[in-house]
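One structure is given here, and the rest of the page talks about it.
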Amino acid sequence: MKKKNREIIEILERTYPDAKCELDHGTPFQLLVATVLSAQTTDKKVNEVTKVLFEKYGTLVDFLEITQDELEEHIRVIGLYKSKAKNLMGLFSMLQDEFGGEVPKTMEELTRLPGVGRKTANVVMSNCFDIPAIAVDTHVFRVSNRLGLAKEKTPEKTEEALMKSLDRKVWTKAHHMLIFHGRRLCHARKPQCSECPLKLHCDYYKENGGISAS
DNA sequence: ATCCCGAGGG
DNA sequence: CCCTCTGGAT
């Protein structure tokens with residue numbers, strides 16, 4: 001790992017020592033469901049929904065008995081609930097029919113599941129099975145570009161570049177820290193550069209002197 | 001208005 | 001690559 005990257009990781013570790021997955025989850029199956037639900041909404045809201053949902057339906061077997069209408073009723077307060085409910089219904093049956101009722105552990109298998117893309121697959125692999133992975137969401141994408149960890153034009157290329165430029169053992173942690181940084185300081189619109197401990201390592205800061213775009 | 005730890009389809 | 005899908009918070 002390059003010296004600059006190592007310094008960035010060290011600063012992130014000091015700044016966000018508690019960076020972690022904030023979705024509540026017990027079993028891998030439950031985190032998979034929670035992660036599918038989390039797209040374009042907040043973890044807080046998903047946690048409120050899953051707390052009630054998993055109390056009534058805790059396992060795949062329970063969900064195989066549910067109807068799409070019942071599921072929609074539970075997740076109605078979350079955005080995109082129709083497509084999420086539809087995807088989850090397909091996900092349940094595919095888990096049962098093609099994966100023996102178990103959550104698969106590979107990118108190829110996970111992304112076959114309806115509603116599961118690279119981001120969700122990486123979250124499941126790293127958080128459920130301790131497989132080093134970098135899930136690139138909008139935060140990781142933006143922050144990586146600004147810091148120069150991975151200057152890429154698509155999330156998939158950013159994922160590849162980060163895996164090359166960072167030690168495997170910090171992948172999962174780096175993923176969480178970059179998300180925390182994106183949410184706390186390195187906002188899309190108005191990044192708080194003046195408060196940022198990484199500004200001296202940041203290409204974005206160098207280019208505009210830390211003046212937030214209006 | 002803009003954003004939320006996206007995914008699928010065109 | 002770009003658009004849409006959704007509702008709630010700020």
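Proteins come first, then strands; the chains are lettered A, B, ... in the order of their sequence lines, and each starts at number 1. Computed over heavy atoms, backbone and side chain alike; hydrogens, waters and symmetry mates excluded.
The separation of C:dG8 from B:dG8, taken at their C1' atoms, amounts to 23 Å, rounded to a whole angstrom. Only the P atoms considered, C:dT6 is 15 Å distant from B:dG10, to the nearest whole Å. As rounded to the nearest Å, B:dC5 and C:dC1 have C1' atoms that lie 22 Å from one another.
Rounding to the nearest 0.5 Å places NZ of A:Lys82 at 12.0 Å from CG of A:Leu71.
Note: OH (A:Tyr81) to C1' (C:dG8) measures 14 Å, nearest angstrom. Rounding to whole angstrom units, CD of residue A:Glu72 and P of C:dC5 are separated by 16 Å. What separates NZ of A:Lys84 from P of C:dT4 is a distance of 18 Å, to the nearest Å. One interatomic measurement links the two molecules: NE2 of A:His74 to C1' of C:dT6, which rounds to 19 Å at whole-angstrom precision.
The environment of A:Lys157 atom NZ is sparse: at most 12 non-hydrogen atoms of other residues, nucleotides or ligands sit within 6.0 angstrom.
Residue contacts shown for A:Lys82 are limited to sugar-phosphate atoms, with no base heavy atom under 4.0 Å away.
Shown for residues 148-160 of chain A: no residue has heavy atoms falling under 4.0 angstrom of DNA chain B.
The two residues A:Val140 and A:Asp137 come nearest to each other via the heavy atoms N-OD1, 2.8 Å. Nearest heavy-atom pair, A:Lys199 versus A:Cys193, reported as atom, atom and distance to 0.1 Å: CD-O, 3.5 Å.
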Kindly list each side-chain donor-acceptor pair under 3.5 angstrom involving residues 57-64 of chain A, sequence neighbours excluded, with atom names and distances?
from    : atom 1 : to      : atom 2 : distance (Å)
A:Thr59 : OG1    : A:Val61 : N      : 3.4
A:Thr59 : OG1    : A:Asp62 : N      : 3.4
A:Thr59 : OG1    : A:Asp62 : OD2    : 3.3
A:Asp62 : OD2    : A:Gly58 : N      : 2.9
A:Asp62 : OD2    : A:Thr59 : N      : 3.1

Distance-only donor-acceptor hits, side chain of residues 101-109 of chain A, under 3.5 Å, sequence neighbours excluded:
from     : atom 1 : to       : atom 2 : distance (Å)
A:Thr106 : OG1    : A:Glu109 : N      : 3.2
A:Thr106 : OG1    : A:Glu109 : OE1    : 2.9

Each nucleotide in nucleotides 2-10 of chain B should get exactly one letter: B, S or -. Can you fill that in based on protein heavy atoms under 4.0 Å? SSBBBSS--

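Pairs passing the salt bridge (Lys or Arg N to Asp or Glu O under 4.0 Å) check and including a residue from residues 173-184 of chain A, sequence neighbours excluded, read A:Glu13-A:Lys173, A:Glu22-A:Arg183. Each ring pair (Phe, Tyr, Trp, His ring centres under 6.0 Å) pair with one or both residues in residues 156-182 of chain A, not counting sequence neighbours, appears once here: A:Tyr16-A:His181.
Residues A:Thr67 and A:Glu70 have side chains that bring a donor and an acceptor to within less than 3.5 angstrom of each other.
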